Amino acid sequence: MNKRIPKILLVKMLLLYCSMMVYAQKTPEWVLPATPFNEAETAKLMEKGTAVIQGTATLKKKGKDNFGVKGSQILLFPVTPYFTEFLELKKKFNSRKKQASMSPVAFTYRVEGRFLDDKGTFQFTNLKPGKYYAISWIAFARQKTVAVQTGTSTSYNVYGYALGSSPIYEDQYYDVFIENEVSGFVEVKEAGAVVNVVVSN
């Protein structure tokens with residue numbers, strides 16, 4: 001004997017299914033490098049050295065320079081075959097459906113820095129000679145408008161009676177802040193070197 005499912009339960013099941021489908025659509029497929037990650041070699045590249053990488057990070061939008069603000073993060077990765085493939089994958093897979101990514105272990109092999117002022121100044125110390133990749137995200141303001149009702153206009157007849165009214169709107173401007181990536185390669189050629197660099201988009 002078949003039992004009928006109550007309508008309320010059917011509705012709940014349908015809502016649960018829809019929410020699962022929405023979640024599945026929002027979660028991208030992560031594409032990882034096929035090159036094996038050599039943890040031992042990467043760790044060796046990150047051993048303490050005597051070189052310095054310093055400079056500024058800037059994002060140019062519509063002729064205006066936007067800088068990393070004091071305290072914001074900037075990362076430095078040693079360039080390995082694994083990381084090089086990751087950068088190539090980023091060019092191909094950067095959408096809601098598919099995105100390039102690194103393994104959690106590979107991502108831990110980085111140097112974390114902070115901007116020293118509001119002009120995007122940064123410095124990484126105690127580095128070994130080698131090739132590095134600096135990356136950060138800088139926000140810029142994009143102006144938008146919205147129509148806001150600021151009053152009403154009422155019309156009257158010759159006897160002074162109100163015939164009707166209509167809203168008065170004015171455009172108001174506001175800023176939306178959007179982050180863009182800035183990045184670039186840096187090479188340290190010898191121990192004790194001080195390398196100056198500008199990281200930009």
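Fair warning: this is a prediction, and the values are worked out from it, not measured in the lab.
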* Structure fact -> Separation between CD1 (I53) and CZ (F122), nearest 0.5 Å, reads 7.5 Å
* To do: Mind checking the OH-CD spacing from Y169 to Q149? Nearest 0.5 Å is all I need.
  => 5.0 Å
* Asked: Measuring from I74:CD1 to I135:CD1, what's the distance to the nearest 0.5 Å?
  -> 9.5 Å
* **Nearest heavy-atom neighbours spanning T154 and A162** => CG2-CB, 4.0 Å
* Donor-acceptor contact below 3.5 Å, side chain E85 vs main chain P33 -> no
* What is the distance from atom CG of N180 to atom CH2 of W137, rounded to the nearest 0.5 Å? -> 12.0 Å
* Asked: Does V69 share a hydrophobic cluster with I178, counting links as ILVMFWY side-chain heavy atoms below 4.5 Å and allowing steps through other members?
  -> no
* To do: For residues 182-201, pull every pair meeting ring-ring contact (aromatic ring centres under 6.0 Å, His included), keeping only residues two or more places apart or in separate chains.
  => Y133-F185
* 4.5 Å side-chain heavy-atom contact, T58 and V182 -> no
* Please name the pair of heavy atoms, one in L89 and one in V31, separated by the smallest distance, quoted to 0.1 Å. => CD1-O, 4.1 Å
* Asked: Out of curiosity, R114 CZ to Q73 CD, how far, rounded to the nearest 0.5 Å?
  -> 4.5 Å
* Asked: Linking I/L/V/M/F/W/Y whenever their side-chain heavy atoms sit closer than 4.5 Å, directly or via other members, would V194 and F124 fall into one cluster?
  -> no
* Taking the inter-plane angle between the rings of F83 and F77 on a 0 to 90° scale, is it parallel (under 30°), tilted (30 to 60°) or perpendicular (over 60°)? -> parallel
* **Pairing of E41 and K44 as salt bridge, 4.0 angstrom limit** => no
* Scan for ring-ring contact (aromatic ring centres under 6.0 Å, His included) pairs involving residues 29-65, sequence neighbours excluded, and state none if there are none. => F37-Y82, F37-Y109
* Are V105 and V79 co-members of a hydrophobic cluster defined by side-chain heavy atoms under 4.5 Å apart? -> yes
* How close do S103 and L32 get, heavy atom to heavy atom, and via which atoms? -> N-CD2, 3.9 Å
* Qualifying salt bridge (Lys or Arg N to Asp or Glu O under 4.0 Å) pairs with a residue from residues 47-65, counting only residues at least two apart or across chains -> E47-K128, K60-D65
* Would you name the heavy atoms of S95 and P28 that are closest together and state the gap between them? => O-CB, 4.3 Å
* Structure fact -> Sorted by chain and residue number, the side-chain hydrogen bond (donor to acceptor under 3.5 Å, both in side chains) partners of D118 (sequence neighbours excluded) come out as none
* Asked: Once you round to the nearest 0.5 Å, how far does CG of L59 lie from CG of N201?
  -> 4.5 Å
* So if you build clusters from Ile, Leu, Val, Met, Phe, Trp, Tyr with side-chain heavy-atom gaps below 4.5 Å, do L75 and M102 land together? -> yes
* Structure fact -> Applied to residues 177-193, the salt bridge (Lys or Arg N to Asp or Glu O under 4.0 Å) test, sequence neighbours excluded, yields K90-E181
* Asked: Considering all heavy atoms of both residues, which atom of K119 and which atom of D117 are nearest to each other, and what is their separation?
  -> N-OD1, 2.9 Å
* Asked: Please, which pairs that meet salt bridge (Lys or Arg N to Asp or Glu O under 4.0 Å) have at least one residue in residues 151-167, sequence neighbours excluded?
  -> none
* Cut-off 3.5 Å, side chains only: do Q54 and N196 have a donor facing an acceptor? -> yes
* Say whether L127 and L45 are linked into one hydrophobic cluster, either directly or through other cluster members, by side-chain heavy-atom distances under 4.5 angstrom. => no
* Can you see which heavy atom on V188 is nearest to which on A193, and at what distance? => CG1-CB, 4.4 Å
* Mind checking whether F67 and I138 have side chains closer than 4.5 Å, heavy atoms only? -> no
